[in-house]
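One structure below.
Because the structure is predicted, anything quoted here is derived from the model rather than measured. If you read the sequence from its start, that first residue is 1, and numbering goes on from there.
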Amino acid sequence: MDHHVYDLVGVGIGPFNLSLAALLEDTPEIDSVFFDQKPEFDWHPGMLIVGTRLQVPFMADLVTLADPTNRYSFLNYLAEKNRLYPFYFLQRLDIPRREYNDYCKWVESELNNCCFGKKVVELDYLETEEQYTVTVQDIHTNEQETFHCRNLVLGTGSAPVLPEAFRELASDRVFHTSQFLDYQDRCRDARSVTVVGSGQSAAEAFRELLKERMEHNYKLTWITRSESFFSMEESKLTVEQFSPDYVNYFYQFAQDKKDRIFKTQDLLYKGISSHTITDIYNLLYENSVSNEEINVDLQVLTEVNGIREKGDTYEIQCRQWEQDYEFTRESDVVIVGTGYHPHVPGFIKDIEEHISWDEKGRYEVEPDYRLKVKVPNEIYVQSGISHSHGIGSTNLGLAVHRNKIIINHLLGREKFPIYDKNVFQNFDARKL
C-alpha cells in the first residue's frame, strides 16, 4: 500500500470529539485526524447569549475527568489567559457559555490533529484491505482528498428540529432558537414576538427578550404545551444519574424498556435551570412596576398546531388541550424552541449495509460506544445514542469518561482506569 493509514479518523469536531483529540495527543500509539466542515470551532453560536451558563461544573472540561494534570484543562486555559484570579474571585463552579466556547477554541488551536473547513462527502469500506476510506472536500477550494483509516469515530452531533408547518415558513422572522443571536435585531424591530417551547433554550431566548422588552416595546408571548414552565431537576443526588454508574445500569435493559424509562426522565434534561427561572420571574416583577399591563403573556397547557402568514404578520393556531379550547395568536416574529434530534450524516448510507440498525432505524451500539458492525474495523460513536446509553449520552460531564473507554479499547489496554463505583447511590440491586 502506498497510502498512509490512520488508526482513527474522526468526523465532526464538537466538544466530544475535541475531547478525544486532546486526550490522544499524549497517546502517540494512535495516529489520528479529525475533520469538521465548519470553518472553525464554534459551539451553538446562535445561543452564546451574554449571561448564559454551562449547565455542568467547569471540571467537565475536555480532559480533567481523565487527567487533571493535562495541559488542556480549563484551569490551564485560565492560566494561559491570565484569568485565574478573576475566576477565583468569581467563586462559581459553572462558567459562562461564551467562555466554554472560547476555551474549546483555545484547545483546538493548540492541537495538530483537527482540520476545519473539511467536509466528509463520501465513505467507503475496502474489504480486501480492511480499511475505511474517507473522502474529504475543502469548503473553500472544493478540492477533494481521500484518507484511509482502520477505525472511525462519529461525532456528528444533533440538528435543530422545526415542525413541518414552521419549516415551510422558515425565515428571519420564523426560526429555531439555535439562530436566536443571528436574528435578534428582527425581534427588536417587531411589534410582537412569540416563543414556542419550554426547554432551556426557549427560556434563555425569552429571558433575553424580556430584558429588552421595555426598551423596544414589543408584545412578548411564551407558549408551552406543558402544564407549567418546569424547573430542571438539579438536586445533587438526582444528578448522579449523569454518571458512568447509571449509564451501565441503563444499558442492561432491553430496548423497549429503555425507551419507556427514557420517556419518564424529561425533567432531568428538558427542564429549565432554576437560576434562569429566577431571572425570568425577577424580570417579570420589574416589568410590572408602575404598569397595569406589562404586555407579556405566558401561556401553558397549550399546543401549537399550525402557523400561517396573515398579511405582514403570522397567525399561530393554538389549542389549550386540557380545556379542548382552540384560539389564535398573532405575532410578527416566532421563535421555535422544539429541541434537536440526532444527526445521521448522509455519507453513512454509503456503508449502511455494514452497520446494524434497530427496528426504529437507530444505531445498535455496544456498551463501549462501538457500533455493531459486520466488519472487523470499528466505528465508535459520540452522538445519537440516547436510546442505548440513556440521558447522559449528551451530557458534557460524561464526554471524557466515554473517551477514556474508546482510547482504552483502541490501545487494547487500560491507559485510563475505569471504576465501577463513582457515586454514592446504587442503581443495580444485583450488585449489593
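Note on Arg191 versus Asp312: salt bridge recorded, some NZ/NE/NH1/NH2 to OD/OE distance being below 4.0 Å. Remark: Lys38 engages Asp36 in a salt bridge, criterion side-chain N to carboxylate O under 4.0 Å. Of the charged side-chain nitrogens involved, at least one lies within less than 4.0 Å of a carboxylate oxygen, so that Glu315 and Lys310 count as a salt-bridged pair. Using a 4.0 Å cut-off between charged side-chain N and carboxylate O, Glu145 and Lys118 make no salt bridge. The existence of a salt bridge linking Arg97 and Glu204 is confirmed by a sub-4.0 Å separation between a basic side-chain nitrogen and an acidic carboxylate oxygen. Between Lys105 and Asp102, none of the side-chain N atoms (NZ, or NE/NH1/NH2) sits under 4.0 Å from a carboxylate O, so this pair counts as no salt bridge. Taking 4.0 Å as the cut-off between side-chain N and carboxylate O, Glu99 and Arg83 count as a salt-bridged pair. By the 4.0 Å N-to-carboxylate-O rule, Lys360 lies close enough to Asp259 to be salt-bridged with it. Comment: Lys404 does not engage Asp67 in a salt bridge, judged by the lack of any side-chain N to carboxylate O separation of less than 4.0 angstrom.
Aromatic rings from His44 and Tyr340 are positioned such that their centres are separated by under 6.0 Å. Taking the ring centroids of Phe250 and His389, they lie at or beyond the 6.0 Å cut-off. In this structure, Phe147 has its ring center under 6.0 Å from that of Phe35.
The aromatic rings of Tyr325 and Phe327 sit parallel to each other, their planes meeting at less than 30°, with 60° as the upper class boundary. Ring geometry for Phe206 against Trp222 counts as parallel: the plane angle stays under 30°, on a 0 to 90° scale with 60° as the upper cut.
Judged by the 6.0 Å and 45° rule, Lys258 forms a cation-pi pair with Tyr251. Cation-pi geometry between Arg370 and Tyr380 is not satisfied (NZ or CZ under 6.0 Å from the ring centre, within 45° of the ring normal).
Between the side chains of Thr276 and Gln200, at least one donor N or O lies within less than 3.5 Å of an accepting N or O. Donor-acceptor pairing under 3.5 Å is lacking for the side chains of Ser73 and Asp61. Checked by atom type, the side-chain pair Asn422/Ser243 shows no donor-acceptor distance below 3.5 Å. Side-chain polar atoms of Thr146 and Thr133 form no donor-acceptor pair below 3.5 angstrom. A donor and an acceptor atom, one from each side chain of Thr177 and Gln179, are nowhere located under 3.5 Å apart. Residues Gln317 and Asn305 bring no donor and acceptor atom of their side chains to less than 3.5 Å of each other. At a cut-off of 3.5 Å, with distance as the only test, no side-chain donor of Gln55 or Ser273 sits close to an acceptor on the other residue. Side-chain polar atoms of Tyr72 and Glu25 form a donor-acceptor pair below 3.5 angstrom. In this structure, a donor-acceptor pair under 3.5 Å is absent between the side chains of Gln320 and Asp324. A side-chain N or O of Asn403 and one of Ser19 form a donor-acceptor pair less than 3.5 Å apart.
The minimum heavy-atom distance between Asp172 and Arg186, with the atom names listed, is OD2-NE, 3.0 Å.
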- Run the side chain to side chain contact (heavy atoms under 4.5 Å, CB included) check on Val50 and Arg98 step by step: do they pass? CA-CA 7 Å; Val50 174; Arg98 292 170 63 247; 4.0 Å; yes
- What's the verdict on side-chain hydrogen bond (donor to acceptor under 3.5 Å, both in side chains) for Ser274 and Ser231, showing C-alpha distance, side-chain angles and the deciding distance? CA-CA 6 Å; Ser274 58; Ser231 176; 5.2 Å; no
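Taking Leu93 as the reference, Pro57, Phe58 meet the side chain to side chain contact (heavy atoms under 4.5 Å, CB included) condition, with sequence neighbours excluded.
Open room surrounds NZ on Lys349; 12 or fewer heavy atoms of other groups in view lie less than 6.0 Å from it.
Here the side chains of Trp106 and Glu80 are in contact, with some heavy-atom distance below 4.5 Å. In this structure, Arg225 and Trp321 have side chains that are in contact, with non-hydrogen atoms separated by less than 4.5 Å.
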